[in-house]
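In what follows, a single structure is set out as structure tokens and then discussed.
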Amino acid sequence: MAGDGTPAIAPHRLGHRAAEGKLDHSRHWGLVMDFNPPTGSEISIRRGDQGPVIIIPAKGSPTRYFGGLFLLFWLGGWAFGFKSVLTQLLSGNGNAFEVFWLGGWTVGGAMAAYTAFRIFRPTVPETLLLKRGAIDYDTGIPPLELNSYQKRKNYWGSVFAKRLLTEFGRQELISLRLRETEEGNRLTVDIGAKRVELASQASEVEREWLARLLADRYALPQVMLGAADKT
């Protein structure tokens with residue numbers, strides 16, 4: 001709008017939502033940009049006192065619960081085996097092999113129990129609070145998926161995933177990049193020597209939308225240039 005002082009936005013950066021008239025020109029957030037996620041997206045935006053909050057739901061396939069049920073039944077059998085061998089060792093009738101067997105059986109049972117816990121643990125959505133000059137970021141708690149996709153990714157990192165709550169200041173924001181890889185795009189930000197992946201539960205189209213939104217809001221033109229990177 002040339003007459004009301006609203007800055008113009010290049011149509012090619014807004015995609016089909018510019019033609020559909022879905023742009024949010026809210027002065028409550030002080031900026032004119034596309035706050036509308038792609039059509040069909042489950043991402044939502046909530047208004048907060050300090051700025052908009054982008055909520056990215058944790059997506060998981062219900063089939064993972066079948067793996068969890070299998071582990072629960074397996075743990076039932078594990079308990080009988082553990083009790084049987086332990087009782088034999090305590091009675092003095094065991095041998096060295098049973099001692100080592102019990103050690104491995106204990107570790108295996110602990111891993112199975114923790115994996116079952118991760119499968120049934122309630123998920124928490126990923127959130128980004130877009131403040132005026134920084135972002136309050138919460139990774140949330142993603143579901144554990146026992147499938148081939150996770151094998152290609154960092155499976156053990158997924159099993160022992162830690163929830164991260166932090167703030168991205170200007171120093172971190174200038175490292176924000178949308179990177180193209182053989183398995184699709186990745187939206188990343190660097191915190192010291194650690195590279196954090198944002199919106200890993202979102203689709204490629206959703207990550208592209210989020211990258212454009214953050215680039216516009218925080219004046220980060222280098223974000224989209226990162227799409228040429230190969231990592």
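Note that the structure is predicted; figures quoted are calculated from it, not measured. Just the heavy atoms: all of them, side chains too, but no hydrogens, waters or symmetry mates, feed the values below.
Contact annotation: the side chain of R177 never approaches that of V223 to less than 4.5 Å [non-hydrogen atoms, C-beta and beyond].
Residues R186 and E180 are not paired through a salt bridge, judged by the lack of any N-O separation under 4.0 Å between the basic side chain and the carboxylate. A salt bridge links E206 to K59: one of the charged nitrogens lies within less than 4.0 Å of a carboxylate oxygen.
Ring centroid separation for the pair F82 and W78 comes in under the 6.0 Å cut-off.
Although no hydrogens or angles enter the test, the distance criterion places no donor-acceptor pair under 3.5 Å between the side chain of D190 and the main chain of R195. Judged by distance alone, with hydrogens and angles left aside, the side-chain atoms of S91 form a donor-acceptor pair with the main-chain N or O of Q88 at under 3.5 Å. Distance alone, capped at 3.5 Å, places no donor-acceptor pair between the S41 side chain and the P37 backbone.
Ring orientation note: the planes of F168 and Y137 are close to parallel, at an angle under 30° on the 30°/60° scale.
Closest of all the heavy-atom pairs between I45 and P52 is CG2-CB, 4.0 Å. Between G94 and L89, the closest heavy-atom pair is CA-CD2, 3.6 Å. Pairing each heavy atom of L75 with each of A112, the nearest pair is CD2-CB, 3.9 Å. Scanning all heavy atoms of the two residues, the minimum distance from P125 to I55 falls at CB-CG2, 3.8 Å. Pairing each heavy atom of L176 with each of Q222, the nearest pair is O-NE2, 4.0 Å.
Remark: I191 CD1 to T166 OG1 distance equals 4.5 Å, nearest 0.5 Å. Note that CG of L128 and CG of L213 are 9.5 Å apart. Values are rounded to the nearest 0.5 Å.
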- Task: Kindly determine whether R121 and I141 satisfy side-chain contact (heavy atoms from CB on, under 4.5 Å), including the steps that lead there.
- Result: CA-CA 9 Å; R121 185 183 187 182; I141 302 175; 3.4 Å; yes
